[in-house]
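Proteins come first, then strands; the chains are lettered A, B, ... in the order of their sequence lines, and each starts at number 1. What you see below is based on every heavy atom in this structure, not just the backbone, and it leaves out hydrogens, waters and symmetry mates. All of these numbers come straight from a predicted model, not from anything done at the bench.
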Protein chains: 2
Amino acid sequence: MSNIRTVARLAGVSVATVSRALAKPDLVSPRTRKKVLAAVEAAGYKPNLMAVQFRSRRTRNLAVLVPVIANPFFSRVITGIQGCAREAGYQVLLCNTQGREETEREYARMVQNFQADGVIQLRAFDPFADSGVGSDFPGGLPPLVNACEVMDDCRYPSVKLDNRAAARAMTDHLVRLGHRRIGVIKGPQRSPLTRDRIAGYRDALDAAGIIYDETLLCPGDFTLQSGHRAAGTLITRDNPPSAIFCENDEMAIGAIQRIKQGGLRVPEDISVAGFDDIAFASYSDPPLTTIAQPAEEFGATAARLLIDQLEGRQQGVTHSVLPYDLVVRDSTGPVR
Amino acid sequence: MSNIRTVARLAGVSVATVSRALAKPDLVSPRTRKKVLAAVEAAGYKPNLMAVQFRSRRTRNLAVLVPVIANPFFSRVITGIQGCAREAGYQVLLCNTQGREETEREYARMVQNFQADGVIQLRAFDPFADSGVGSDFPGGLPPLVNACEVMDDCRYPSVKLDNRAAARAMTDHLVRLGHRRIGVIKGPQRSPLTRDRIAGYRDALDAAGIIYDETLLCPGDFTLQSGHRAAGTLITRDNPPSAIFCENDEMAIGAIQRIKQGGLRVPEDISVAGFDDIAFASYSDPPLTTIAQPAEEFGATAARLLIDQLEGRQQGVTHSVLPYDLVVRDSTGPVR
DNA sequence: CTGTTAGCGCTTTCAG
DNA sequence: CTGAAAGCGCTAACAG
């Protein structure tokens, strides 16, 4: 394996010149540059990035903390992150955390260990809280961007949807169709997503003069199974809802299956709405009415924000809110 | 940021001793070890992994080349890789390649650049071919493991399914139900997966004395859309098939939608079978008959093989074949 | 514009 | 069992 010294010798210049010719071409005369490049070629030289990183104290790695990789929504977000990172010359270190705080803290430590330059956290949890870090970083703020599910009073740059407004828009849609008993299949209890979407749901109810009935809310955990189960609970109770708003598409798809198994039709007997607009949403039967989120853009924006911060191109903490889109398909219809 | 020298001073020992106390505790007396650990604590010392990696010439990073991250099957494979890597103290560098050879080559170069110790390739393409590498590595073989879609005569360790046998099992199942005109929605033309599955399909046909009719095969690209489109072609032709074998679940789900839109019922009018058994397969309507693959295990096995190779715990090139499982649900039924 | 020089933080011989 | 010393491959002052 040839190193920078080999190249220097071959080109008849110093190692510093080789380094410059490669990293900062305009600081070197065209002639020398050409010589160096030729020598690089001849030696089959590949810079040892480990050494480069070590010396320049930057890894160009971004650690991405994902609760569950195998989730179509997160997959899209990751795709967005990876695309933007690549363009900017960064790599993505994937960290599957299962939403465990200890695991998240451990991965976040990669920044202190110099394994990664920054962190993108896709969950509302601060892995640096009480870690005594902070003073080590400019502005006392570890290089983290919080995306998708964002902490309250987030001290980091963030990217999210206006979940409350989106949930309200969806509920309004159901109300306009005449529904007054609208069930909800919720996401994980402690998530701000869940709380905000419920708030939006209540906003719409209030505006329509419908009284809020807590017994219409069922817990879920964003899986197909939990949607299936929760729908079972809702449709077999006394006085079941005429519509169900699910906090993500997977649960909606699970719910639709359960409803049909109960001998009911969607949307004739009961309307079902989702959230996210994953690829499968338009292929469910019936195709799902849902809220489309720009998932790839979440990722790209988060990466952009983080990289700007890392490269000192950022003043202040930006909180970005991305637009949603109510997509009406066939799983919702007028109340009977 | 404290470094190893700070700790040495605090503990009243040399830096070498600190290094040993941390990396190879049994080479150091218990008393010294205790002193060092206390000093580490007091200084809030975190080893600079960049330096460690640089010095020891290992990154503990695995580069994973994925054609499309946003694909439920690959998501599961990645989950498996990441879990195994984490246990062994490795990180996963995610590389979304869109199946572009140039991008794959570029990412594979991370190994030569010392950004990653090894590569897991999920596609049947050798990113090191003709790169003149080889002599740099023990056994002349770059540290790569090929998983899921495996190259022919693969020179690397590999993990795959017996796709031919699996496709035959599925086709046999359809034949047993009385189907004799069985359409196929294929994967990408040049993929060994496609070729092997078609071979298995033909095996079953031959065994049943059914003549192979090439016009029953439709191209697809593993997306929902392509399944939808291809099914349209098949059901609107003269003498349409009574069953369709799709080379993955997404295309099957797309196909089912198209069939229903054509006013036909699944499986009464036409049976549909998939491949992969993604989570959505059991939630389609009707639930999909498919071939289950141990996706997470693909990932875990690939990671294990690669790490064994990296740590010199491997002699010879292992080719692992994982078991499939025919899962019969409701999308296939007897021919009318 | 280019060369000299001094390390980055750590691991690893090699002596003791 | 421990310390001294060398050096991994590269970058970044600093002089010229």
Side-chain angles (χ1 to χ4, degrees), chain A residues 1-40 43-60 89 109-117 136 311, chain B residues 1-40 43-60 89 109-117 136 311:
Chain A
M1 207 70 224
S2 60
N3 61 20
I4 200 172
R5 234 162 359 237
T6 324
V7 177
R9 206 175 314 125
L10 234 64
V13 299
S14 73
V15 294
T17 301
V18 175
S19 173
R20 279 189 289 253
L22 263 28
K24 309 175 160 132
D26 19 306
L27 293 186
V28 151
S29 83
R31 274 194 67 244
T32 326
R33 202 183 317 151
K34 194 162 297 177
K35 265 197 305 189
V36 170
L37 261 23
V40 163
Y45 170 66
K46 304 253 180 285
N48 182 330
L49 290 206
M50 240 144 79
V52 174
Q53 291 170 1
F54 171 46
R55 190 52 239 250
S56 46
R57 315 188 120 279
R58 313 183 49 211
T59 61
R60 303 192 81 86
R109 223 166 285 143
M110 296 205 302
V111 169
Q112 298 164 65
N113 288 344
F114 303 97
Q115 295 235 84
D117 295 343
D136 307 352
E311 301 189 343
Chain B
M1 208 69 227
S2 61
N3 61 19
I4 199 171
R5 236 166 352 243
T6 324
V7 176
R9 206 176 310 124
L10 235 62
V13 299
S14 72
V15 295
T17 301
V18 176
S19 172
R20 279 190 288 251
L22 263 29
K24 312 184 158 122
D26 20 304
L27 292 187
V28 151
S29 82
R31 274 194 66 243
T32 327
R33 202 184 316 152
K34 195 162 300 176
K35 267 196 306 190
V36 170
L37 261 24
V40 164
Y45 171 66
K46 304 253 180 284
N48 181 328
L49 290 206
M50 239 144 79
V52 174
Q53 291 171 2
F54 170 46
R55 190 52 239 251
S56 45
R57 315 187 119 280
R58 312 183 49 209
T59 61
R60 303 192 79 86
R109 224 166 285 144
M110 296 206 301
V111 169
Q112 297 165 65
N113 288 343
F114 304 96
Q115 294 235 85
D117 296 343
D136 307 353
E311 302 189 342

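- Between K46(A) and R109(B), some side-chain heavy-atom pair lies under the 4.5 Å cut-off.
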Taking only distance into account, with no hydrogens and no angle test, what donor-acceptor pairs under 3.5 Å do side-chain atoms of residues 17-27 of chain B form with protein atoms, sequence neighbours excluded?
residue: T17(B); atom: OG1; partner: S14(B); partner atom: OG; Å: 3.2

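- Here the C1' atom of nucleotide dC8(C) and the CE atom of M50(A) are 14 Å apart, to the nearest Å.
- One finds the CD atom of Q115(B) at 6.0 Å from the CG atom of N113(B) (value rounded to the nearest 0.5 Å).
- Proximity of residues 109-116 of chain B to DNA chain C (heavy atom under 4.0 angstrom from any strand atom) is not detected for any residue.
- Taking atom CG of L22(B) as the reference point, atom P of dT2(D) lies 14 Å away to the nearest angstrom.
- Under the 4.5 Å side-chain criterion, counting only non-hydrogen atoms from C-beta, R58(A) is in contact with E311(A).
- If you measure from atom CZ of R58(B) to atom C1' of dT11(C), you get 14 Å, rounded to the nearest angstrom.
- With values rounded to the nearest 0.5 angstrom, R55(B) atom CZ is found 9.0 Å from R57(B) atom CZ.
- K35(B) has its side chain within reach of V13(B): a pair of non-hydrogen atoms, C-beta onward, lies under 4.5 Å apart.
- Side-chain contact between L49(B) and V52(B) is present, with heavy atoms from C-beta onward closer than 4.5 Å.
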Sugar-phosphate or base contact per nucleotide [nucleotides 6-16 of chain D; S, B, -; heavy atom under 4.0 Å]: -BBBBBBB---
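- If you measure from atom CD of Q53(B) to atom P of dC8(C), you get 19 Å, rounded to the nearest angstrom.
- For T17(A) and dG3(C), the shortest distance from a side-chain N or O to OP1 or OP2 is below 4.0 Å.
- Annotation: side chain of Y45(B) is in contact with side chain of I4(B) (closest heavy-atom distance under 4.5 Å).
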